[in-house]
Amino acid sequence: TNPMKPNPSFWPVARTTALSLLTLLALPAGAVTVTVLNHSFESPTLNNDGDFLPATSWTAFNVGLGTGGGSYNPTGGNFTGAGGIGTPLGADGTNVYSTASSDTVGNMAGAFQVLTGTKLTADTLYTLTVAIGDYNDLKASTWNLGISTSSMAFGSYLSTVSGSGNSLTNDAFNDFSVSYTATGAEAQNLDDLKVTFWATGAGDGVAATENSPAVVGGTNVPFDNVRFTAVPEPSAALLGGLGLLLLARRRRN
């Protein structure tokens with residue numbers, strides 16, 4: 001028997017295994033939608049134009065005198081067609097999350113949410129998508145999105161993306177996303193993931209309403225419809241196995 005000649009029974013098995021691997025690779029990766037609580041900021045219920053209250057399930061930061069962030073019911077001046085409870089704005093629902101900060105806190109305000117039970121898994125692509133708008137009557141400042149773990153220090157992120165107010169469409173919302181692919185080593189981290197959005201830089205002033213103070217030169221960015229997905233990617237072992245089979249076939253030929 002020639003030791004250099006493969007066993008004939010090897011090739012049918014190899015072909016079957018290769019076809020199985022190719023089938024697995026051809027299958028679309030299944031996106032897992034992670035629950036984001038109060039994703040469109042409809043809680044609490046706001047009944048009147050200009051109502052503004054802290055958003056349920058979200059933690060605002062840089063909240064203080066002349067600053068804030070929370071569920072906001074836009075007025076007709078903010079968005080064409082906005083006019084009280086039950087009026088959708090084109091992103092999702094009636095309310096948005098509106099940021100506002102004064103110069104005293106460096107023109108930065110936003111919110112985050114820890115996604116309880118959602119942890120890093122190796123070879124998985126995580127994507128945060130948020131609808132970001134531009135008020136008709138206010139100049140937007142810079143917007144930012146970030147993915148991190150719950151234990152990471154404030155201002156530290158696995159991945160971030162940002163854009164100027166010029167990237168936004170006046171009187172409308174558009175989706176923007178930030179993604180991060182976890183490695184095997186990072187998958188040992190047992191912390192829950194955290195999503196954050198915030199605005200930086202000065203926009204136009206915000207007039208005082210019944211529930212919020214006036215802000216001069218603060219941030220003015222409306223966020224809405226927060227979504228988070230996890231998509232498993234083909235594992236290195238699967239790709240490696242296919243490569244070995246293809247190499248073996250090449251040597252046979």
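Being a predicted model, the structure only gives us computed values, none of them experimental.
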Distance-only polar pair, side chains of T200 and W143, donor-acceptor under 3.5 Å: no
On a heavy-atom basis, which atom in L128 and which in G146 lie closest, and how many Å separate them? CD2-O, 3.6 Å
Within the structure provided, determine whether T229 and V32 are in side-chain contact (heavy-atom separation under 4.5 Å). no
Sorted by chain and number, sequence neighbours left out, side chain to side chain contact (heavy atoms under 4.5 Å, CB included) with K194 holds for F112, V114, S148, T196
Taking all non-hydrogen atoms of both residues into account, name the closest pair between D92 and E42 and its distance. O-OE2, 3.6 Å
Least distance between heavy atoms, D224 atom then A91 atom: OD2-CB, 3.2 Å
Taking the side chain as every heavy atom from C-beta outward, state whether D123 and T181 have any atom pair closer than 4.5 Å. no
Could you tell me whether the side chain of S159 reaches within less than 4.5 Å of the side chain of Y126, counting heavy atoms only? no
Taking the side chain as every heavy atom from C-beta outward, state whether T94 and L89 have any pair of such atoms under 4.5 Å apart. no
Candidates T99, D49, N78, D51 - the one meeting side-chain hydrogen bond (donor to acceptor under 3.5 Å, both in side chains) with Y72: N78
Can you tell me how far CG of L190 sits from CG of L120, rounded to the nearest 0.5 angstrom? 10.0 Å
If we only count heavy atoms from C-beta on, is the S40 to N95 side-chain gap below 4.5 Å? no
Holding to side chain to side chain contact (heavy atoms under 4.5 Å, CB included), I want the full list of residues that pass it with T118, two or more places apart in sequence or in another chain. V34, L115, L193, F228
If you look at every heavy atom in T56 and P44, which pair is closest and at what distance? OG1-N, 3.8 Å
Does the ring centre of F223 sit less than 6.0 Å away from the ring centre of F197? yes
Got a sec, which residues hit side chain to side chain contact (heavy atoms under 4.5 Å, CB included) with S162, two or more places apart in sequence or on another chain? T142, N144
Side chain to side chain contact (heavy atoms under 4.5 Å, CB included) against A55, all qualifying residues, sequence neighbours excluded: N38, F41, W58, S71, Y97
Test: D191 and K119 ion pair at under 4.0 Å: no
T116: side chain to side chain donor-acceptor pair (under 3.5 Å) partners, not counting sequence neighbours: none
Can you tell if the side chain of N48 reaches within under 4.5 Å of the side chain of N73, non-hydrogen atoms only? no
If I compare all heavy atoms of F79 with all of P222, which pair ends up nearest, and what's the gap? CZ-CG, 3.8 Å
Does the side chain of L158 come within less than 4.5 Å of M152's, by heavy atoms? yes
Selection residues 159-179 - residue pairs positive for salt bridge (Lys or Arg N to Asp or Glu O under 4.0 Å), sequence neighbours left out: D175-R227
Within a strict 4.5 Å, meaning less than it, do heavy atoms of the I132 and V221 side chains meet? yes
